**Q** 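Let me begin by handing over the structure; questions about it come next.
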Amino acid sequence: MALIGDYLASRLSSRVLNAFEKHLEDCPDCASFLRTYKKTIEVTHAFLKLEAAKHRPPRLGYQPLDYASSFC
C-alpha cells in the first residue's frame, strides 16, 4: 500500500492508477485499509480545524473613530 499517498494526491500515471484500482477491486483488505486511511485523514482534518478555531483570536470588529472627541 505504498502508493496510497500518491493515489490520494492524484499523482499516479494512468498505467499505475489502473493497476492500483484493479488491485483494490480484487483485494478487500487493501480496499478496507484505503477507506480507513481516508476516514482517518478526514477526522484528523476536522479535529485540527476545531482546535484551530478554539485558539483563534477574536475577530476585530470595525470601530469608527469619533474624530470630534479625539481633539478635546
Side-chain angles (χ1 to χ4, degrees):
M1 296 307 311
L3 299 175
I4 288 178
D6 289 335
Y7 175 75
L8 294 176
S10 300
R11 291 189 300 239
L12 297 178
S13 69
S14 59
R15 183 183 63 79
V16 174
L17 175 65
N18 290 335
F20 186 74
E21 289 180 338
K22 174 71 172 122
H23 175 76
L24 291 174
E25 289 174 14
D26 297 337
C27 183
D29 290 339
C30 287
S32 178
F33 183 83
L34 180 61
R35 284 190 300 276
T36 302
Y37 192 89
K38 286 179 174 180
K39 188 64 176 178
T40 300
I41 292 170
E42 181 184 314
V43 169
T44 301
H45 281 259
F47 172 76
L48 292 174
K49 188 175 182 179
L50 287 173
E51 284 299 303
K54 284 184 195 176
H55 303 291
R56 186 176 303 134
R59 289 184 178 211
L60 300 176
Y62 173 70
Q63 299 292 327
L65 294 175
D66 182 358
Y67 288 106
S69 66
S70 65
F71 294 115
C72 298

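In this text the structure is predicted, and so the values were computed from the model without any measurement.
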**Q** If you round to the nearest 0.5 Å, how far is NE2 of H45 from OG1 of T40?
**A**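 Rounded to the nearest 0.5 Å, the OG1-NE2 separation comes out at 11.0 Å.
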**Q** Roughly how far, to the nearest 0.5 Å, is the OH atom of Y37 from the CG atom of L8?
**A**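 Here the interatomic distance stands at 6.5 Å.
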**Q** Test of understanding: with side-chain contact (heavy atoms from CB on, under 4.5 Å), list the residues that count as partners of S13, not counting sequence neighbours.
**A**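 Counting only residues at least two positions away or on another chain, S13 forms a side-chain contact (heavy atoms from CB on, under 4.5 Å) with R15, V16.
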**Q** Rounded to the nearest 0.5 Å, how far apart are CD of E21 and CG of D26?
**A** 12.0 Å
**Q** Out of curiosity, R35 CZ to L24 CG, how far, rounded to the nearest 0.5 Å?
**A** 9.0 Å
**Q** Which atom names give the shortest non-hydrogen contact between R11 and G5, and what distance separates them?
**A** NH2-O, 4.0 Å
**Q** Once you round to the nearest 0.5 Å, how far does CG of D6 lie from CG of L17?
**A** 11.0 Å
